Structures are given as structure tokens and as C-alpha cells.
Amino acid sequence: MLGPAACLMAAVSPIVGGSAEAASASITLGLGLSALSLGAVSVNHLDIAPRHAGMVFGAGNTAATLAGLVSVPLTGWVLQQTGSWPTVFGLIGVHFVLGSAVWAAWVGDKPLPEDGPDERTTLPQPSAR
């Protein structure tokens, strides 16, 4: 998630020298890097809640959809108020960095205690003889 943030910052920085082609290439690279991060984020649902991964994934997708519904008009409003694409991309970059920090703080490979064993599906233990 830090790669996309860096690419968006580069797209509106003096690095591209005002070149629309360079800015477009930087944004495209950022979108590609963002897509690559989805694999790690999506599989983490199975790691932390194997019994309820579908529910956790659905809740995450719902939150992402709601964020998308809010971000489009908010982006238009910021652009209308400032007239500045660097401000818009800067806010998106900050969102990527904060999202990366939250994910890194909460990511895990152990199931949450709340996702405890399901007594109905626990296999019987072999008897000791």
C-alpha cells in the first residue's frame, strides 16, 4: 500500500516535470501495485477467522463499498474547493499510508479467540490404548 502512495505522490510532483504521459504511467504503476496488495489483504480473512472468513470478508467489502460511495463526491468537492489535483492525490496517498499502518498493526496469522473451535465439527480424538 506504500507503493501506490509513492506513485500517486510522484504523479503530481516535479519528478514528472508536467508530463501527462509520465503522470499517467506513475498512476498506472500505482494502481498495479494496489492490485498486488489485495492478495495479502484478502487472504488474511482466512488466517484470522477460518470459521467465519466469509462473514469477515463480507463486512470488509461492505465497509469498502461505503467508503467508495463517500469518496467519489468527497473527491469532487475537494477538487472543486481547491482546484488542485495534488491535494486530491495527497489525500489519497495519506489514506494509503494510514491504511497500511492500520493493516500492519492488526495483521496476524493466528485465528482470533472469538473464532474458537466449533464443537459440532470437531473430530473425535482417538482413544489412548
Side-chain angles (χ1 to χ4, degrees):
M1 291 184 233
L2 297 177
C7 289
L8 287 176
M9 296 300 101
V12 293
S13 73
I15 294 172
V16 298
S19 166
E21 292 82 7
S24 178
S26 181
I27 292 168
T28 301
L29 178 61
L31 289 173
L33 292 173
S34 179
L36 289 175
S37 71
L38 292 177
V41 171
S42 294
V43 76
N44 196 243
H45 299 95
L46 290 169
D47 291 336
I48 65 168
R51 288 186 45 239
H52 299 97
M55 189 180 308
V56 173
F57 193 79
N61 278 339
T62 299
T65 299
L66 294 174
L69 288 171
V70 171
S71 66
V72 172
L74 183 63
T75 299
W77 181 82
V78 169
L79 186 59
Q80 189 175 38
Q81 297 299 311
T82 64
S84 168
W85 280 107
T87 302
V88 171
F89 284 9
L91 289 172
I92 296 169
V94 167
H95 180 264
F96 269 118
V97 170
L98 291 176
S100 179
V102 168
W103 184 76
W106 287 356
V107 70
D109 62 348
K110 306 276 188 286
L112 296 172
E114 295 82 6
D115 195 55
D118 184 357
E119 294 78 23
R120 295 172 293 161
T121 61
T122 303
L123 297 176
Q125 299 298 316
S127 60
R129 292 186 197 206

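Computed from a predicted model, the values in this text were never measured in an experiment. In what follows, every heavy atom counts, from backbone to side chain, and hydrogens, waters and symmetry copies are set aside.
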Seminar exercise, completed: Using a 4.5 Å side-chain heavy-atom cut-off and chaining through intermediate ILVMFWY residues, the residues clustered with Val70 come out as none
For this session: Could you note down all residue pairs passing side chain to side chain donor-acceptor pair (under 3.5 Å) where residues 95-104 supplies at least one of them, sequence neighbours left out?
Result: none
Exercise. For Val43, which fellow cluster members are found when Ile, Leu, Val, Met, Phe, Trp and Tyr are connected by side-chain heavy-atom distances below 4.5 angstrom, either directly or through intermediates?
Worked result: Leu46
Exercise. What distance do Met1 atom CE and Leu36 atom CG have between them, rounded to the nearest 0.5 Å?
Worked result: 12.0 Å
Seminar exercise, completed: The ring pair (Phe, Tyr, Trp, His ring centres under 6.0 Å) partners of Phe89 (sequence neighbours excluded) come to Trp85
For this session: Could you note down all residue pairs passing ring pair (Phe, Tyr, Trp, His ring centres under 6.0 Å) where residues 7-34 supplies at least one of them, sequence neighbours left out?
Result: none
Seminar exercise, completed: Residues Ser34 and Pro4: closest non-hydrogen pair is N-CG, 3.5 Å
Seminar exercise, completed: Going by chain and number, the hydrophobic cluster around Val56 (ILVMFWY, side chain to side chain under 4.5 Å) further includes none
For residues 75-83, tabulate all N or O donor-acceptor pairs below 3.5 Å that involve a side-chain atom, not counting sequence neighbours.
from  : atom 1 : to    : atom 2 : distance (Å)
Thr75 : OG1    : Ser71 : O      : 2.7
Thr82 : OG1    : Val78 : O      : 2.8
Thr82 : OG1    : Ser84 : N      : 3.2

Problem set entry | hydrophobic_cluster_shared for Ile27 and Met9, side chain cutoff 4.5 Å | yes
For this session: Return yes if some donor-acceptor pair links the side-chain N/O of Ser26 with the main-chain N/O of Ala22 below 3.5 Å, else return no.
Result: no
For this session: Enumerate the residue pairs fulfilling side chain to side chain donor-acceptor pair (under 3.5 Å) with a member in residues 9-19, sequence neighbours excluded, ordered by first and then second residue.
Result: Ser19-Glu21
Problem set entry | Counterpart residues, side-chain hydrogen bond (donor to acceptor under 3.5 Å, both in side chains), relative to His45 (two or more places apart) | none
Seminar exercise, completed: Minimal heavy-atom distance between Ala23 and Ala11, with the atoms involved, is CB-O, 3.5 Å
Problem set entry | Point-to-point distance, once rounded to the nearest 0.5 Å, from CG of Leu69 to CG of Leu74 | 12.5 Å
For this session: Working to the nearest 0.5 Å, report the span between CG of Leu29 and CG of Leu8.
Result: 10.0 Å
Exercise. Closest approach of Pro50 and Ile48, non-hydrogen atoms and distance?
Worked result: CD-C, 3.7 Å
Problem set entry | Hydrophobic cluster of Trp106, others only, ordered by chain and residue number, side-chain cut-off 4.5 Å | Val102
Exercise. What residues, two or more places apart in sequence or in another chain, satisfy side chain to side chain contact (heavy atoms under 4.5 Å, CB included) together with Val94?
Worked result: Leu98
Exercise. Is it the case that one hydrophobic cluster holds both Leu91 and Val12, taking links as side-chain heavy atoms less than 4.5 Å apart, direct or via other members?
Worked result: yes
Seminar exercise, completed: Applied to residues 61-70, the side chain to side chain donor-acceptor pair (under 3.5 Å) test, sequence neighbours excluded, yields none
